Amino acid sequence: MGKSDLYLGLDVGGTHTDAVLVGEKGIVSHYKAVTDHDNLLLSVRRAIEEITSGVDHKKIKRVNLSTTLSTNAIVENRLENVCVIISAGPGIDPDNFKIGKSFHAIEGSIDHRGAEIAGIDDDAVAKIAGDAARKKIKTFAAVTKFSTRNPDHEDAVAEILGTSADFITLGHKLSGQLGFPRRIVTAYFNSAVWRLYNSFADAIESGLGEMGIQGEVNILKADGGTMPFSLSREVPVESILSGPAASVMGIVALCDITRDSVVLDIGGTTTDIAIFAGGIPLIEKDGISLQEYPTLVRALKSRSIGVGGDSAVRASGKEVTVGPDRKGPALAAGGSQLALIDAMNYRNIVSFMDTRASAEGISVLAKKSGLAPAKLADTAIALAVKRIKYEVDAMLDEIRNRPVYTIHEMLEGREIRPEKVYVMGGPAEAFRGLLADAFGVEVVVPQNYDVANAVGAALAKTTIDIELFADTGRGTMLIPNIGVKKSIQHGYALADAERDARAYLAEHLNGLGVTARADETEIIESSSFNMVEGFYSSGRDIRVKCQIKPGVMARLA
Amino acid sequence: MIKSQKRMGLIFFPAYDWAISPTHPEREERLLYTQDQLREEGIFDIDGLVEFKPDIATEEDVMRTHFCFPDVAAVTTESHMISAGGALKAARIVLDGQVDRSFALVRPPGHHAMKSVHGNRGFCNINNEAIMIDYIRDRYGMKKIAIVDTDCHHGDGTQDIYWNDPDILYISIHQDGRTLYPGSGHVNELGGPNAVGRTINIPLPPETSDEGILFAIDEMVLPILKDFKPELIVNSAGQDNHYTDPITNMNFSAQGYAALNDKLNPHIAVLEGGYSIQGALPYVNLGIILAMAGVDYSCVKEPDYRPGALRQDARITDYIKKLKDVVLGAYFEPPAYQGLPPYGEFMTRKKNIYYDTDGIRETQMESILRCKECSGLFSLETFSTVYSLSLGVEIPIGACPACRKEGGKLIASAKKSGKYSTIQVIDRVKKEYYRV
Ligand SMILES: [Zn+2]
Ligand SMILES: [Zn+2]
C-alpha cells in the first residue's frame, strides 16, 4: 500500500449497503445506506459518489465490490433461458441432473483417466443448436463427465455452437474439482446470470470512468478472496454468497487473528459461524450450496443458525424457546414480538432503545407461563448461548471427523482448539460475557465491526485454486480451469508437477494483472501414484492442488 | 438432488500411503479411480448418503477374535487397525441407528486371516468382518449373524474362525478351489460337529457370469437365509469375480454386483479383494453403493461391457443347477459326523497352514471339547517357521460351567508346563482377552 493510496470496499448486502475508504493509517471514512433492491446499480453508484466526495479520485487504487446481484437473480429465479448440453457415459442416469427448461443429454463418454470411450455426437449438438436458435436461446452450458481430465468434448461442443452462442460456459473452466452434478449446476447458473451480470459490470465500469476513478476493480467471492473484474465477467457465478465472507475477512483485517479461533457474526435473525485454524479461515471442501443446489463455488466454511437479537422468545407452559424465527423487530425497537434482545434489556446486559417495552413484554409472558420474570429472561438468554456453543462444537466435531485417506493423516491429524472467539454484529457486546463463560476463552469484540464487511471487501486479496492432473502413461498434463494443456515426457515427476503448478498459476495471475509473490502460492495436496499394469509400471498418475489462500492486504489492528 | 431410499453410510479408507510391495496388486492406488468415480458421480451429494471416517481398532478388538503370535503389534500395521476400524465404524453406525445400511470400502482386506495369525496370507493379516462381528456380539448382544462372502476366493479365514460356531452362518460363493487360491471351499466343508451346516460353500466353475452367480443367490443363498433368520446380514464384498480381474477367471459385471446387493440386501458390506482397479472397481463400487442405498443403478456399466460376450456356457448353467440340490442339502439335511468321540472328551484336528505372502508355514493342533450344553471349550496349539510352540484357548459365547472350569484348568496346566512361548486366552463369557 503506497503512502497516499486509498482502497475502496463496498458491500451491497441484503439490507444495507456499506462502503469504506481505507488508507495507510486505517479507515478514512465510511458510509451506510439501505440497499435499493430494485436498483442495485443505483445503490452502488450512490455509495461510491458519497464516500469519494472530497477525495482525490486518482488516489483510489482499488475498488472492491461484494454484491448480491447474482445471488438474488438465482434465488428470485430471474434467470435467462440456458441451453444445457451434457454427456455422461456410464454411471448415474443423467436425467437426475436435469436443470433449466432446455436440457439435453447426448452420447459421448470419457473415463476417469481422461480416455475417450465414445466420441461426442456432433450431429446431436448441431441439431440442438438449431433448435435453440429457433427458440431464441443464446446462452449455453456444456458439461461432460470427467471434463476436468479431458476437456476435448466440451471444447468440441463450443466449436460446433460457434457464433450461434452469445456465451457458453464450459464445465472444466469453472474448477478442476471432480463432481459432475455440481459442474452442471454451476455452469447453468453461470450462464443464466451472465447477461445480467455483464450489463451491471458495463454500467459500473462506465460509472467509475465518469467519476475519474481508475484503480483496479475486483469482485468478492465466497471464499473471502477477490477476482479481477474482467475475469468475473466470464464466471459471474463466482460472485455468489460473498457477503458473509467479506465480514469474516473484515475481522481478519481488524483483529490480528493468528490462532485457532471462532468468528461469530450475530445479526438480528441469524448467527453465522466461521472457524479459523492457525489464523487462516477454513474453506468448505466441496463448494457452497445455493437454493439446495450444491455448486463448485469455493466458499469459507460456515454455518448459519437461527439465533439473533430479534429471535422470537416464546413460552408454552414453562417451556421456553428462542428462535429460530424472527417476527419483526424486538419490542424495544417498536415491534410486537418479545425477542432475545428484550430479555437482555430486562437483565441489564444491554440498554437498547425502549427498555420499558422490553420489561413490559417479559412480565406479560412471565405471568402467562408461570415463570418468574428474571427466570424467564435468563432461560431465554442461556438457551441462545447454549445453541451457539452447541453449533460451534458440532462444526468442530464435523471438522475433526472429516474423512481422510492416508494412514499419515489418520494418525497425525491436528485438532482445532479455539483459543479466542471473535464476535461482531449488533448484539455482539451483549453476548461478550455470556460467550466467555460458555467457551471458557477470551472473547473479542472488535471496534468498527459494523463496517467489517466493507473493510473485508476493501482489503481482501485475490484468491485462486487450481488442480493439476498429469498422466505420464498417456503423456498429458492438464490444469483445466486456467486452460493449461501440454504434453509431458515419461520422466515427468511430482517435483515437476509442483513446479509447473506454481509457475502456471503465477503466469495466469500476471495475465490478469495480479502480482502474487511466490510464497503466496501454496501446494495444498500433492500425490503421485505408480500405475502398474500386469507387473510392469505403466506410468505415474500425478495430482497437485495449488492455491492462494484467503488473506488481507493490510491489517488495521 | 437425488434422495436415497435407505440412509446409507460409507466408510472410505483407501490407505493411499500403504502397499504390500510396489507392484503387488494390494497397492496404494487400488481405490484411487473408485474415489474419482464416486466424486465425479456426486455420490456424496446424494441426500441420505453420508461419508464417515473409520475408527481405529484396538488391540482388544483384535484379541477378541484372533490368537496373534507373538502378539497383535507383531502381525499388524496401522493400516490393518484402520481397515478393521473401518468395519467397526460400519457396524456402529448401523447398530446405533444413524444409518440403515453401511459399506466399509477399506483396505487391506481380511477374509483369508484365520483364528491363529502368524503373518500375512492371501493379502490379509487380520479378519475385518470377524473382528466386527465379534464386536457386535460383545457390545450389542446380537446372537445370530449371517456372512455372505462374494469374493472370488474362498474366504478360508472366516470359515476357520466360525467353523465351530452354530450362531454364525458363513456362506461363501467363489471360483472353484480346484482352479484358484486358496484351494479350499468345497461343498463338503460344512462346519464342526456342533455347527454342521453353518458353513456353506458354493464353488462355481471358472467363467460363470452374472446369470450363474445371481442364480446361486436366488436359489441357494436366499432360501437358506430365510430359514436361518439372522438378525444381521454381512456381505464380504470382494470384487474379483469381475470379468476384467487380473488374478481370477470369472465373468461377473457391475450390473451383476449391483443386482446381487439388491437381492441380498445386506445391512453391512465390507470390501475384500478386487484388483481390476481401472476397468472394474470404479463401476462395481458405484453399482454396489447405489443398490445398497436404494438408488437407481440401471445406467452403471463398464465402458467395455458387452453382455453378449459374457453369456455363460450352457454346461456351466447345468452344473450350477445341479449344485443347487447339493448346497441346499448341505444346509437343510447335513450329514452327521461319523466316529466322533463321546461327550466330555476332546476332538482334535491337525492343520497345516501356508502364508503365501510371507512364506510362513504353520502347524496347528485344534481341540474342541465335545459338549452337550454349549459349543465347547476350544484350544489350539500352534508353531510356525517364525514362532515356536504356543497355545490359544477360547471359552466360547454361552460356555457352560463345566467348559468354563475346564478352560481354567487347561490354562493353569499349560502355564505350569512351561512348554509354550505364548498363551493367549479369549474368554467370551467374561469378555476378557489376554496373554498369560
Ligand atoms: Zn479375492
Ligand atoms: Zn460346555
Side-chain angles (χ1 to χ4, degrees), chain A residues 88-97 109-113 115-118 145-149 177-185 285-287 289 292-295 400-411 413 469 527-538 540-541 543, chain B residues 1-2 10-19 22-25 27-47 51-54 56 77-79 81-83 85 246 254 277-279 282-283 286-287 290 295-305:
Chain A
I92 293 177
D93 185 346
D95 277 353
N96 285 299
F97 311 130
S109 168
I110 286 167
D111 79 0
H112 39 73
R113 276 182 72 183
E116 182 181 75
I117 302 299
K145 196 178 280 180
F146 285 113
S147 62
T148 54
R149 296 285 158 82
Q177 194 179 306
L178 295 175
F180 183 54
R182 284 176 183 258
R183 200 176 306 127
I184 294 170
V185 165
K285 190 175 117 246
D286 291 317
S289 291
E292 313 256 305
Y293 284 107
T295 75
R400 192 174 305 125
N401 292 324
R402 108 189 163 272
V404 296
Y405 305 113
T406 60
I407 293 159
H408 177 79
E409 289 171 286
M410 192 75 194
L411 301 176
F469 177 73
S527 64
S528 171
F529 293 94
N530 282 313
M531 292 178 291
V532 180
E533 252 144 55
F535 282 92
Y536 302 97
S537 168
S538 62
R540 272 182 298 277
D541 178 307
R543 293 139 191 236
Chain B
M1 204 194 233
I2 302 174
L10 200 61
I11 296 91
F12 185 79
F13 191 74
Y16 286 140
D17 48 357
W18 186 85
T23 58
H24 196 281
R27 63 175 178 269
E28 294 92 340
E29 79 275 25
R30 189 174 151 220
L31 293 175
L32 180 66
Y33 299 110
T34 290
Q35 188 179 38
D36 284 353
Q37 191 78 34
L38 298 183
R39 279 188 177 159
E40 179 69 353
E41 297 287 349
I43 279 287
F44 302 107
D45 288 329
I46 291 176
D47 184 8
E51 187 179 6
F52 291 86
K53 189 180 185 175
I56 302 180
T77 63
E78 290 101 343
S79 64
M81 301 305 263
I82 299 170
S83 195
I277 64 175
Q278 293 191 43
Y283 311 101
L286 178 64
L290 294 179
V295 176
D296 169 61
Y297 55 81
S298 58
C299 298
V300 179
K301 293 181 179 78
E302 304 81 347
D304 61 355
Y305 178 63

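The shown structure was predicted, so the numbers you read here are calculated from the model rather than taken from an experiment. In what follows, chains are A, B, ... by sequence order, proteins preceding strands, each numbered from 1.
- In this structure, the side chains of A/D541 and B/E29 stay at 4.5 Å or more apart for every pair of heavy atoms.
- Side-chain contact between A/Y293 and B/M1 is absent, with no heavy-atom pair separated by less than 4.5 Å.
- Interface remark: of the candidates B/L286, B/V300, B/L32, B/D296, B/L32 forms the most heavy-atom pairs closer than 4.5 Å to chain A.
- Within a 6.0 Å sphere centred on OH of A/Y405, heavy atoms belonging to other residues, nucleotides or ligands number more than 12.
- The two atoms that bring B/K53 and A/N401 nearest to each other are CB-O, 3.5 Å, heavy atoms only.
- One finds the CZ atom of A/F97 at 6.5 Å from the CD atom of B/E41 (value rounded to the nearest 0.5 Å).
- Of the residues A/P181, A/S289, A/P294, the one that meets the side chain to side chain contact (heavy atoms under 4.5 Å, CB included) test with B/D45 is A/P294.
- Relative ring orientation between B/Y283 and A/H112 is described as tilted, the plane-to-plane angle lying within the 30° to 60° band.
- Per-residue counts of heavy-atom pairs under 4.5 Å with chain A were compared for B/A254, B/P54, B/S298, B/P246; the largest is that of B/P54.
- For A/S109, no part sits under 4.5 Å from any heavy atom of chain B, backbone or side chain.
- Looking at A/I92, both its backbone and its side chain come within 4.5 Å of chain B, counting heavy atoms on both sides.
- Per-residue counts of heavy-atom pairs under 4.5 Å with chain B were compared for A/T148, A/I117, A/I407; the largest is that of A/I407.
- Among B/Q37, B/Q278, B/R39, B/E302, the residue making the largest number of heavy-atom pairs under 4.5 Å with chain A is B/Q278.
- Contacts of A/D93 with chain B are made by both backbone and side-chain atoms, with heavy-atom separations under 4.5 Å.
- Of the atoms belonging to B/F44, not a single heavy atom falls under 4.5 Å from chain A.
- Closest non-hydrogen pair, A/N530 versus B/R27, comes out as O-NE, 4.3 Å.
- When all heavy atoms are compared, the tightest approach of A/T406 to B/Y16 is CG2-CB, 3.8 Å.
- If you tally non-hydrogen atom pairs under 4.5 Å between each of B/I2, B/D304, B/L290 and chain A, the highest count goes to B/I2.
- Per-residue heavy-atom pair counts under 4.5 Å with chain B were compared for A/K145, A/E409, A/R402, and the maximum is reached by A/K145.
- A distance of 9.0 Å separates CG in A/L178 from CD in B/Q35, rounded to the nearest 0.5 Å.
- The CZ atom of A/F529 sits 9.5 Å away from atom CD1 of B/I277, with the distance rounded to the nearest 0.5 Å.
- Within the 4.5 Å cutoff, the side chain of A/M410 has no heavy atoms near those of the B/E78 side chain.
- With rounding to the nearest 0.5 Å, the separation of CG in A/L411 from CD1 in B/I56 is 5.0 Å.
- Contacts of A/E292 with chain B are made by backbone atoms alone, with heavy-atom separations under 4.5 Å and no side-chain atom involved.
- For chain B, the nearby part of A/R543 is the side chain; its heavy atoms alone come within less than 4.5 Å.
- Rounded to the nearest 0.5 Å, atoms CD (A/Q177) and CD (B/E40) are 10.0 Å apart.
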